[in-house]
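Below you'll find the structure, written out as structure tokens, and then a few comments.
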Amino acid sequence: MKVASVLLPLPVPEAFDYEVPEGLDLVRGDQVAVPLGPRLVRGVVSEVRETTGSNRRLKPIEGRLDDPSLPERTLDFLEWAARWTLSPPGEMAAAALKGLRAPPSRPERRVRRVPNRDPARATPARTAVLDALGERAMRAADLARAAAVSTGVVKGLVDEGVLEIVETAALAVFDAPDPAHAPAMLNPDQAAAADALASTRGFAPFLLDGVTGSGKTEAYLEAAARILTADPTAQILILLPEIALTQALIARIADRFGAAPAEWHSAVAPPQRRRVWEAVRAGRCNIVVGARSALFLPFVNLRLLVVDEEHDGAFKQEEGLVYHGRDLAVARARIEGAAVVLASATPSLETLANAQAGRYGWLKLRARHGAAVLPDIALIDLRQSPPDRETWLSPPLRAAVAETLARGEQTLLFLNRRGYAPVVLCRVCGHRLTAPDTDSWLVEHRYTGRLVCHLTGFSMPRPKTCPNCGAEDSLVSVGPGVERVEEEVRQLFPDARTAVFSSDTVPDAKSARALIQAMIDGEIDILVATQAAAKGHNFPRLTLVGVVDADLGLRGGDLRAAERTFQLLTQATGRAGRADRPGRALLQTWTPEHPVLTALAAGDRDAFAETESAEREMGSLPPYGRLAALILSSENAQAVEKVAADLAAAIPNAERLEVYGPADAPLALVRGRRRKRLLVRADRDVDLQGFLRAWLARVKVPASVRLTVDVDPYSFL
Ligand code: ADP
């Protein structure tokens, strides 16, 4: 008898065994329907084997589905990723099938030539139709339009038996990119980088390291062009940290290659996602631009992966499957035998360590392309030049904005805080307003007049009385968000054209595009923005960047607080002076002696990386050691305590590894669920996943408690 192991979308660590019915020829990767309780579910065959003598009765597979199988290496990757992240392999496989949620598109009726049949009477209209059609199958209406005749002519040819009607699957058409369409003249650094990327054989990881505007995008697109020239069936995947950045890159690729790439992220409608999935699987699509979930697409000839802005924390997925898109991209390239390039102006310390150790090739772009120079960065010491009471812009920053306005140039005021005020508190009792079921503070939004929990989305109208002591009109807004800074800007510069860029004011890709275009067209003088505008965009008339609170990210105190702040502020200040006008950046701070800020002001990334790396190395923290977090949560506080205690009692013996906790999570209550955390630190060469598997196997977690394993955590909340 034949038995197949089938990966099902369930939170279990193993595949399920089914009997393969007589006559059904299955291979690894095939998609099948199998009975699960009373339902039929979609699964992926991970293994088929012969067994003799069955000691248990297995249910038979219902049948193979029409959808294409997963390529062998795609499945290898999914199984590897599941082991690495300690995720259920069936859920990993389900992530790869997400593109197939929409039903297959209905077949289309098309016409094509019947072999060896010519029309009895050849009119010019009929000849035009046959010429336009050639060997293809076309929709009658498209054909009539192409031949500039009425559909009656096409119909006549069908009636005569010269053309026949066929039903074909409606396939998405991705025009083949033309590598020679509009090449750029690369500078020597760029050419060397493109050469290195395009001339590798097999797995080859690289760091592409260059300041904002140094031409990294141009360099990797050139590498893609060379790879496509050598192999027109090659596939290239470019990952971006945010959907908002995809449109600009898609337009650039369309300009460079004369054909738009496929787009893949959660905002793409399901029918189109199915078409992209099918085209990638069939090898009919060469270039995909997408968010991290594009990693799970069924590529058949993946030659190059690009992770642009590789340092960006948005590559880490924290909900559902917990994984880091950058790390999985490197793994996928290894399994596919492809080149992978991590591009950044401010590489993560992990990637820098890999480049320094020679594990990654290190491609450096030294200067900004063309005339653009990096902005001058200066610190404003708020102890010496404080803003007036209840305002946030210091006199030097206000003066700089006024000068920039007078020159007709643009200013970006950067503050990574949405809304009007981050905290609302009662002047009488000191109570800080939080959501009823969550420990995080409510943020005041003036545009909507509501208090919002940014973690869960809970919101309520701003109350008139304090919910704690009942005092009337006692609530005050503390600190600034972008909306409050905009209010100040409007008072200071009433004639300036001012706008706010945050996920609240630009909720979707369309409005983001409109605001970015308005900025590029010079229709905005002062843009007050969160990190949504700090990344990737190119504003040629922008010459001043003011960072309202440079200390903000440094207060967090988690592992990457300093690194993230350095990266974000480098990105933000890098927006200035991208075209031919020099730019400058002013950072307001209460702690100008902080090493992150002195390194920024000196434009010395290496000094920052060295200081920060030395500290991490001392504590054997990533990238010099490894971390994993276990997060327990439940509506039942006792159940959480019990599992936490059981875990603490069951820690396997291990060397060069420590377990911290269990402790209350900093956000101990979220959506009414109690949360506790444990943290594991291990030396680099310890088999951390093996340790975690052995540990978790010893503890029974009841259904009421959710256990999340986060290998290499980025959030410590
Ligand atoms: P990065 O990705 O490093 O931020 P880009 O590739 O976006 O840099 O380049 C910055 C700007 O310089 C873009 O407008 C790009 O079109 C232009 N550019 C870069 N390299 C070249 C080149 N070799 N020839 C012409 N323009 C270039």
Side-chain angles (χ1 to χ4, degrees), residues 179-198 206-226 236 238-242 244-258 261 287 289 304-312 315 326 340-348 351 355 362-375 412 516-517 519-521 531 533-543 545 567-583 585 603 605:
H181 182 75
M185 290 288 297
L186 298 186
N187 67 37
D189 279 353
Q190 287 176 312
D195 269 345
L197 290 174
F206 293 95
L207 164 61
L208 179 57
D209 180 2
V211 295
T212 332
S214 59
K216 298 185 291 297
T217 311
E218 216 64 57
Y220 69 66
L221 290 183
E222 181 59 27
R226 291 191 202 178
I236 289 141
I238 304 172
L239 296 178
L240 297 173
E242 281 186 31
L245 300 174
T246 51
Q247 290 312 318
L249 184 62
I250 285 170
R252 231 169 125 172
I253 292 175
D255 287 346
R256 170 65 185 80
F257 291 95
I287 307 181
V289 173
L304 175 67
L305 271 112
V306 179
V307 183
D308 206 345
E309 311 286 0
E310 70 87 28
H311 61 275
D312 198 309
F315 282 115
R326 180 233 302 144
V340 56
V341 55
L342 313 180
S344 177
T346 49
S348 61
T351 299
W362 198 343
L363 310 171
K364 294 181 194 174
L365 305 187
R366 271 167 286 235
R368 278 194 157 187
H369 183 78
V373 287
L374 277 176
L412 171 75
I516 290 164
Q517 197 56 47
M519 195 61 189
I520 291 169
D521 293 343
Q531 62 173 343
K535 295 181 188 176
H537 305 299
N538 220 331
F539 303 128
R541 297 164 206 243
L542 176 70
T543 56
V545 171
Q567 289 160 343
L568 190 56
L569 295 184
T570 306
Q571 293 284 326
T573 55
R575 293 304 112 210
R578 300 226 345 158
D580 46 356
R581 305 174 209 203
R605 185 192 84 190

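Indexing begins at 1, ligand by ligand and atom by atom, following the structure's order.
- Those atoms of ligand 1 with a heavy atom of Gly215 less than 4.0 angstrom away are 1 (P), 3 (O), 5 (P), 6 (O), 8 (O), 9 (O), 19 (C).
- For the pair Ser214 and ligand 1, the shortest N or O to N or O distance falls below 3.5 Å.
- Applying the salt bridge (charged side-chain N to carboxylate O under 4.0 Å, His left out) rule to Glu310 yields the partners Arg326; only residues at least two apart in sequence or on another chain are considered.
- At a heavy-atom cutoff of 4.0 Å, ligand 1 is contacted by the side chain of Gln190 but not by its backbone.
- Side-chain contact between Gln571 and Thr346 is present, with heavy atoms from C-beta onward closer than 4.5 Å.
- For ligand 1, the atoms lying closer than 4.0 Å to a non-hydrogen atom of Val211 are 3 (O).
- A side-chain donor-acceptor contact under 3.5 Å links Gln190 to the backbone of Gly215.
- Salt bridge Glu222/Arg256: present, at least one basic N to carboxylate O contact under 4.0 Å.
- Of the listed residues (Glu218, Lys216, Arg252, Glu222), the one carrying the non-hydrogen atom nearest atom 7 (O) of ligand 1 is Arg252.
- Residue Met185 has at least one heavy-atom neighbour below 4.0 Å for each of these atoms of ligand 1: 22 (C), 23 (N), 24 (N).
- Listed by chain and number, the residues in a side-chain contact (heavy atoms from CB on, under 4.5 Å) with Leu412 are Leu527, Ala529, Leu542, Val545, Arg575 (sequence neighbours excluded).
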